[in-house]
2 protein chains.
Amino acid sequence: MDTTTPRTHIVGAGLIGASLGIGLAAEGWDVTIEDADPDAQALARSIGAGGDLAGATPDLVIVAVPPSAAGRVVADSLTRWPTAVVTDVASVKAPIAEAADATGAGERYVGSHPMAGREVSGGLGAQGDLFKARPWVICPNGATAAAVDVVTRVPAALQCDVVTMEAHAHDAAVARVSHAPQVAASAVAAALGILDADDVSLAGQGLRDVTRIAASSPHMWADIARLNRAHLIETLDHIIDDLDEVREASDIGEAITDLIERGRFEVARIPGKHGGAKRDWLPVTVIVPDTPGQLLRLLAHTAEEGVNVEDIAIEHSPRQPVGLTTLYVLPSRAAHLAAALERHGWEIAAS
Amino acid sequence: MDTTTPRTHIVGAGLIGASLGIGLAAEGWDVTIEDADPDAQALARSIGAGGDLAGATPDLVIVAVPPSAAGRVVADSLTRWPTAVVTDVASVKAPIAEAADATGAGERYVGSHPMAGREVSGGLGAQGDLFKARPWVICPNGATAAAVDVVTRVPAALQCDVVTMEAHAHDAAVARVSHAPQVAASAVAAALGILDADDVSLAGQGLRDVTRIAASSPHMWADIARLNRAHLIETLDHIIDDLDEVREASDIGEAITDLIERGRFEVARIPGKHGGAKRDWLPVTVIVPDTPGQLLRLLAHTAEEGVNVEDIAIEHSPRQPVGLTTLYVLPSRAAHLAAALERHGWEIAAS
């Protein structure tokens, strides 16, 4: 593999394009950036996301435009720079690969999907670390091994977690792990519409968890749904069929038990720490006064006992000046921790 | 109101019955407890959940049996103790009220629904604080004011957050805030079934949040679904209709945008801190090495800066020895916190 870094040109200076520019420039790469919007382009250049290509020939072009425009801009870029390797960052991959193949230069196109943890937008928020420690999917499609190598150097430089997949498999997977869950969470939230404020106040941590992503803005979802329509509908059909089975069952209890059992089995496959299956951590729930520094005190006492906290959930009580903080710990440590925290004066609500 | 505490008898020595017994006894109440299972009864008595009624006459009977048996045991109790006020703790209320009314003694029955934060079971885990700072719904139905007063003293003694509702309104509300979200989360999880392990590893925090309650055991859900069938089906219909609209739309993008907008509006109504609408906290995401004490260091640095942490999310990276910890803080403090943590040597992944 070539050890010099590829001369890299980024098309699109939104949050993702500008963040990639800043991140790669910080690693010493020669980066240029352009945007159809002169203001966005000037802003990106001013914050160090890349310089002016000025007629030079890039080795690598990263297309970072909205998903609906990605196919067209990838095809244009393959034509405009006939020796460059081209990648893009859209969250749906097969339609972009088709657009690249249609130019006859598909061997120079490699799909990328850097997965940021939460939705963000706008060049002003750009930062080089946006994708660090996150999965970055590479879809080689019909690309040459050399083209794949060049594109893979981007997530490697940014310390991402590289995952190689076929484009259709990627699109089918993100429909199930990301696009359909968003739609279902929104539908659960929308069903609260008939409730008055007192009724909604019965909400517990379960509803808050299920609907957390329903609070995200619809920005980009229309594009994503249009591009991944077939896989999304296939997944929604699966979900609708399961819900229909419950509503039409002669014994709704039996149908619910069956669905919950199947769901449990699948949830256990979602990776937790370090790629292992999710461990069965035990919760220790503590009543924490809602004053500054209390959470810190709680964790200090936990650390004193040598117990590692695997996860935390904080639940604010609607009408009381206390919150419930749940510490998830290894099963072998839960009873010890609960007893120790009580000795430190904490009130344990459940463990 | 009478200031002496009611002589209280608990029927059912599972987790909830035994926890109520321990909690009330700790407040100085005269508590007795019985269970059809002699082992469960002996265990509950041995851990201080109550003594032997031994033919005495209770002022208050708390029925804490599985939901499917609650109606029958409430009716039996109204007959067995013709001067006692009777309540129960099932999570569906209208069918129990109907069973009470059918005895002709409905004026001595008041429904209760103490809402524990997460599913738990078994008398051995019993503790007096199980429901502290949680909502406790009271459904007066046709009860006398005196009967309502007696029952309300239980959540008051246990420092619960008392909410008074009509039984059908309660059942309609819990279908939307609890029962249907559980079913939908299980259906989203079940749809992961066709994916292989690599595909599932693309799961981000969004899927983990949506499916967290899908990991809970089906214990009791069959009973609850049978008792609250009509409200649950009405809610599932609402969700299915919304999903159908998306799958059948001529423009799926427009349909998704509409659904997400409606869902967002409702999520904003879920109460957060102190009963206010959820604030728009801003996330500051930090890369945290997965070694003991790091979370504590992070929160210590945050406290040093005088920034209060409103919520925390911890995301473990599947293939790397680091995790991403997101601190949610007031919008006015986010930029300051991110800059300060960087000065303390933390790597900020996004803010």
Side-chain angles (χ1 to χ4, degrees), chain A residues 129 133 161 173 177 181 184 186-192 199-203 206-207 209-215 218 221-222 225-226 229 233 236 238-240 242-243 247 252-253 256-257 259-260 262-263 266-267 269-271 273 275 292 296 299 303 308 311-312 314 316-319 349, chain B residues 129 133 161 173 177 181 184 186-192 199-203 206-207 209-215 218 221-222 225-226 229 233 236 238-240 242-243 247 252-253 256-257 259-260 262-263 266-267 269-271 273 275 292 296 299 303 308 311-312 314 316-319 349:
Chain A
D129 280 344
D161 196 3
V177 305
S186 293
V188 168
L192 301 175
D199 295 348
V200 177
S201 76
L202 297 182
L207 181 70
D209 286 345
V210 173
T211 58
R212 185 163 295 131
I213 54 172
W221 279 108
R226 287 180 191 122
R229 185 168 184 275
I233 285 183
L236 291 179
H238 195 292
I239 293 170
I240 291 169
D242 271 341
L243 299 181
R247 78 170 305 296
I252 196 171
I256 291 247
T257 302
L259 178 59
I260 292 181
R262 284 188 291 123
E266 298 304 331
V267 166
R269 298 171 63 218
I270 299 175
K273 214 165 175 179
L296 179 63
L299 288 174
N308 204 19
D311 203 353
I312 297 186
I314 298 177
H316 296 292
S317 182
R319 293 175 198 76
Chain B
D129 281 344
D161 195 4
V177 305
S186 293
V188 168
L192 301 175
D199 295 348
V200 176
S201 77
L202 296 183
L207 181 71
D209 286 344
V210 173
T211 59
R212 185 164 296 131
I213 54 172
W221 280 107
R226 286 181 191 123
R229 185 168 184 274
I233 286 184
L236 292 179
H238 194 292
I239 293 171
I240 291 169
D242 272 341
L243 299 181
R247 76 170 306 296
I252 195 172
I256 291 246
T257 302
L259 177 59
I260 292 180
R262 283 189 291 123
E266 297 304 331
V267 166
R269 299 170 64 216
I270 300 175
K273 214 165 175 179
L296 179 63
L299 289 173
N308 204 19
D311 203 353
I312 298 187
I314 298 178
H316 295 293
S317 182
R319 292 176 198 76

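Protein chains get the first letters and strands the later ones, always in sequence-line order, with residue 1 at the start of each. Heavy atoms only: backbone and side chains are in, while hydrogens, waters and symmetry mates are out.
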### Query
Tell me, do B:L192 and A:V177 make a side-chain contact under 4.5 Å, heavy atoms counted?
yes
### Query
What distance separates A:L207 CG from B:E266 CD, expressed to the nearest 0.5 Å?
11.0 Å
### Query
Taking all atoms of both residues into account, what is the closest heavy-atom pair of A:V267 and B:A215, and its distance?
CG1-CB, 3.8 Å
### Task
Report the distance from atom CG of B:L243 to atom CD1 of A:I239, rounding to the nearest 0.5 Å.
7.0 Å
### Query
In Å and rounded to the nearest 0.5 Å, what is the CZ to CG distance from A:R247 to B:L236?
8.0 Å
### Message
Do A:D209 and B:V210 have side chains that approach each other closer than 4.5 Å (heavy atoms only, starting at C-beta)?
### Response
no
### Summary
When every non-hydrogen atom of B:G263 is compared with those of A:A189, the smallest separation belongs to O-CB, 3.5 Å
### Task
Identify which part of B:L259 has an atom lying under 4.5 Å from any heavy atom of chain A, answering side chain, backbone, both or neither.
both
#### Entry: A:A190 versus B:R262, closest heavy-atom pair with distance
CB-NH1, 3.9 Å
### Query
What are the two closest non-hydrogen atoms of B:A222 and A:G253, and how far apart are they?
CB-O, 3.5 Å
### Query
Where is the tightest heavy-atom contact between B:L202 and A:A173, given as atom of each residue plus distance?
CD1-CB, 4.2 Å
### Message
As an exercise: rank B:I213, B:I252, B:I256, B:D199 by heavy-atom pairs under 4.5 Å with chain A and give me the winner.
### Response
B:I252
### Query
Which bit of B:D242 comes within less than 4.5 Å of chain A, counting heavy atoms only: side chain, backbone, both or neither?
side chain
### Query
Rounded to the nearest 0.5 Å, how far does CG of B:L299 lie from CG of A:L299?
5.5 Å
## Note on the structure
Given B:V188, B:I312, B:L296, the one with more heavy-atom pairs under 4.5 angstrom with chain A than any other is B:L296
